[in-house]
Amino acid sequence: MRQKTAFIPTLRTVAEAEMLSHQLLLRAGYIRQLAAGVYNFLPLGQRVLQKVTEIVREEMNRIGAQELLLPALNPAELWQETGRFENYGPELVKLQDRHGRDFILGPTHEETITDLVRGEINTYKKLPLTLYQIQTKFRDERRPRSGLLRGREFLMKDSYSFHADRESLDQTYEDHYQAYVRIFTRLGLNFRAVEADAGAIGGKGTHEFMALADSGEDTIAICEACDYAANIEMAEVVAEVTEKQEDVPKFEKVPTPGHGTIEEVSTFLSLPKEQFIKNLLFEIDGEPVLVLVRGDHEVNEVKVKNLFEADRCELASEETVRRVSGAPAGFVGPVGLQQKVKIIADFAVQGMNDTVVGANEVDAHLLHVQPGRDFEVDQYADIRLIQEGDVCPRCGGVIRFERGIEVGHVFKLGTRYSQAMKAHFLDAQGKEQPFVMGCYGIGVSRLVAAIAEQHSDESGLIWPSQVAPFAVHLIAVNMKNNDQARVAEELYEKLRHEGIEVLFDDRLERAGVKFKDADLIGIPVRIIVGSKAKEGTVEIKLRRTGESSQIPAEDVLKELPSWLAKADR
Ligand code: ATP
Ligand code: MG
């Protein structure tokens with residue numbers, strides 16, 4: 001492609017973008033924002049998107065998944081069958097047709113595919129079946145501010161598998177897991193597969209694939225010693241074993257005027273935070289529950305929610321707190337509540353001695369409170385967030401945190417959708433059974449940004465060769481110079497003839513502008529035709545390392561493969 005006529009509007013600065021990938025994709029002319037979370041892919045962006053898409057497609061086909069295309073526009077009735085029309089939340093884009101019938105724009109396609117398959121497949125003989133699509137999704141995200149990382153319209157690869165039994169699902173899940181490992185490796189990503197929470201989509205057994213990036217939204221817990229990695233929402237915590245003391249004095253009330261947080265009270269009373277119990281009142285499916293963790297720990301709401309198998313789990317309102325405790329939040333405790341509520345506590349609380357808790361009275365706390373003696377706990381469970389320095393639940397090593405961008409997700413859905421939608425088949429005994437299902441997503445457009453996030457420097461993008469919009473950037477330093485123009489034009493023809501994707505900077509711009517743009521655009525191998533063109537010499541240079549060499553123009557085709565091969569290193 002000739003740059004003179006190419007639509008590559010580069011910018012020196014952009015104001016609105018926070019993430020590096022977002023800034024660079026805008027500046028280098030890959031994307032433009034149309035509305036918050038809605039982007040135009042310009043020719044360069046489209047080329048990268050196509051390459052990412054193709055790698056995803058190849059690896060899905062390799063595991064026997066069959067590509068189809070479902071509509072984005074879906075009738076509300078399907079989503080009403082599973083209850084998600086009401087429960088999916090404000091991200092769901094709803095609209096009406098001219099007759100006032102409700103529709104949605106699909107944020108994901110479990111309902112649509114289940115509807116299709118229930119109408120066509122009715123025997124175990126046709127199972128297992130894996131179908132996938134690469135299609136535009138719509139989610140009215142609350143904060144679409146990270147460019148392609150969180151769009152309101154974005155491209156996703158979503159596959160769905162249908163099985164007669166769990167073993168078959170396990171096999172296809174494993175196939176997807178391995179396909180994802182191949183995809184993200186081919187894309188040049190530094191990533192980890194982590195154990196994750198199944199969230200609103202439901203089902204047990206799920207992994208997220210995280211591209212590691214300091215700017216990522218997700219925090220993952222990684223063991224320094226073994227390969228354990230989990231989303232912090234999910235990471236199991238190993239409780240320390242401590243001895244119970246028998247000689248704890250009777251509890252007493254002390255004034256703590258105006259000090260409600262553990263931080264404040266611990267300073268005020270000169271007692272370590274570990275001696276406090278943090279008391280949080282939750283409303284779990286509408287019922288108040290007191291949740292206790294050690295003062296220096298944090299409650300993990302996902303674990304609490306899962307413990308109760310609840311649909312909703314949130315901190316109780318100030319009003320509820322006052323009704324249950326008799327005091328405002330900050331002074332709540334398990335001893336002497338106004339209203340009897342269920343009390344659950346983290347395993348670490350079980351081993352605590354001589355603790356400090358809120359007195360259920362404003363400006364007061366209780367000292368010397370002994371769990372088990374002074375109050376009863378209905379259930380002890382692992383309900384706290386893992387912290388850096390905690391013990392690895394697998395090997396006893398040390399846990400460290402890293403940040404990441406979720407680029408893929410594999411779920412075992414089980415029969416959640418097939419039961420709700422009465423999607424059945426006849427098994428070998430002629431008995432009607434709901435399909436056992438799996439679903440597997442990849443954020444294809446998000447990947448473009450995740451790759452850019454990992455592969456860039458201050459000057460611009462540095463695409464891995466597998467996804468680069470072009471393999472070679474041919475730059476004629478001065479197009480007004482006849483020798484340079486001639487050598488560059490000849491090379492352009494030769495490269496194209498060989499089927500090499502080449503972007504040819506044939507613009508009448510200054511050298512400085514051309515080099516700055518080339519750095520920004522980030523094509524892995526550069527061929528520079530400059531003042532030595534007269535002697536038939538050109539420069540070949542790698543964007544990533546800056547390594548370069550002067551070579552005869554006629555050797556370019558011969559030399560190129562070795563340069564392309566080392567461009568990613
Ligand atoms: P997140 O936690 O980041 O919101 P999710 O858990 O809602 O993601 P899934 O429902 O698992 O996402 O969707 C499958 C994949 O689609 C994700 O792994 C992610 O890569 C991508 N994805 C999800 N939401 C967006 C979005 N708003 N913009 C771009 N890609 C997205
Ligand atoms: Mg997810």
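Whatever order the structure lists them in is the order used to number ligands and atoms, beginning at 1. Please read all numbers here as calculations on a predicted model, not as lab measurements.
- When non-hydrogen atoms are compared, ligand 1 lies under 4.0 Å from neither the backbone nor the side chain of D158.
- In E406, the parts holding a heavy atom less than 4.0 Å from any atom of ligand 1 are both the side chain and the backbone.
- Checked for salt-bridge contact, E81 and R118 meet the test: a charged N lies under 4.0 Å from a carboxylate O.
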Show, in sequence, the C-alpha distance, side-chain angles and deciding distance for E236 and R394, and conclude whether the salt bridge (Lys or Arg N to Asp or Glu O under 4.0 Å) test is met. CA-CA 9 Å; E236 298 155 46; R394 292 281 178 282; 3.5 Å; yes
ring-ring contact (aromatic ring centres under 6.0 Å, His included) between H163 and Y173: does it pass, once the steps are laid out? CA-CA 11 Å; H163 310 269; Y173 185 89; over 10 Å; no
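- Inclusion of G151 in the set of residues having an N or O under 3.5 Å from an N or O of ligand 1 is warranted.
- By the 3.5 Å distance cut-off applied to N or O atoms, S445 is not counted among the residues near ligand 1.
- The heavy atom nearest to atom 12 (O) of ligand 1, considering only K137, M210, R139, R152, is found in R139.
- In this structure, a donor-acceptor pair under 3.5 Å is absent between the side chains of N190 and Q454.
- At a heavy-atom cutoff of 4.0 Å, ligand 1 is contacted by the backbone of L148 but not by its side chain.
- Crowding of R142 atom CZ: a count of heavy atoms from other residues, nucleotides or ligands under 6.0 Å not exceeding 12.
- To the nearest 0.5 angstrom, S161 atom OG is 10.0 Å from L127 atom CG.
- Annotation for D214: atom CG does not count as buried by contact number, only 12 or fewer foreign heavy atoms lying within 6.0 Å.
- Residue nearest to atom 13 (O) of ligand 1, selected from E153, M156, H409: M156 (by heavy-atom distance).
- For ligand 1, the polar-atom distance check finds no N/O of F411 at less than 3.5 Å from any of the ligand's N/O atoms.
- At least one heavy atom of V407 sits less than 4.0 Å from an atom of ligand 1.
- Residue contacts with ligand 1 leave out I405, since none of its heavy atoms falls under 4.0 Å from the ligand.
- By the 4.0 Å N-to-carboxylate-O rule, R294 lies too far from D346 to be salt-bridged with it.
- Atoms of ligand 1 found under 4.0 Å from any heavy atom of E141, numbered from 1 in the order shown, are 24 (N), 26 (C), 27 (N).
- If you look at R446 next to ligand 1, the close heavy atoms, those under 4.0 Å, all belong to the side chain.
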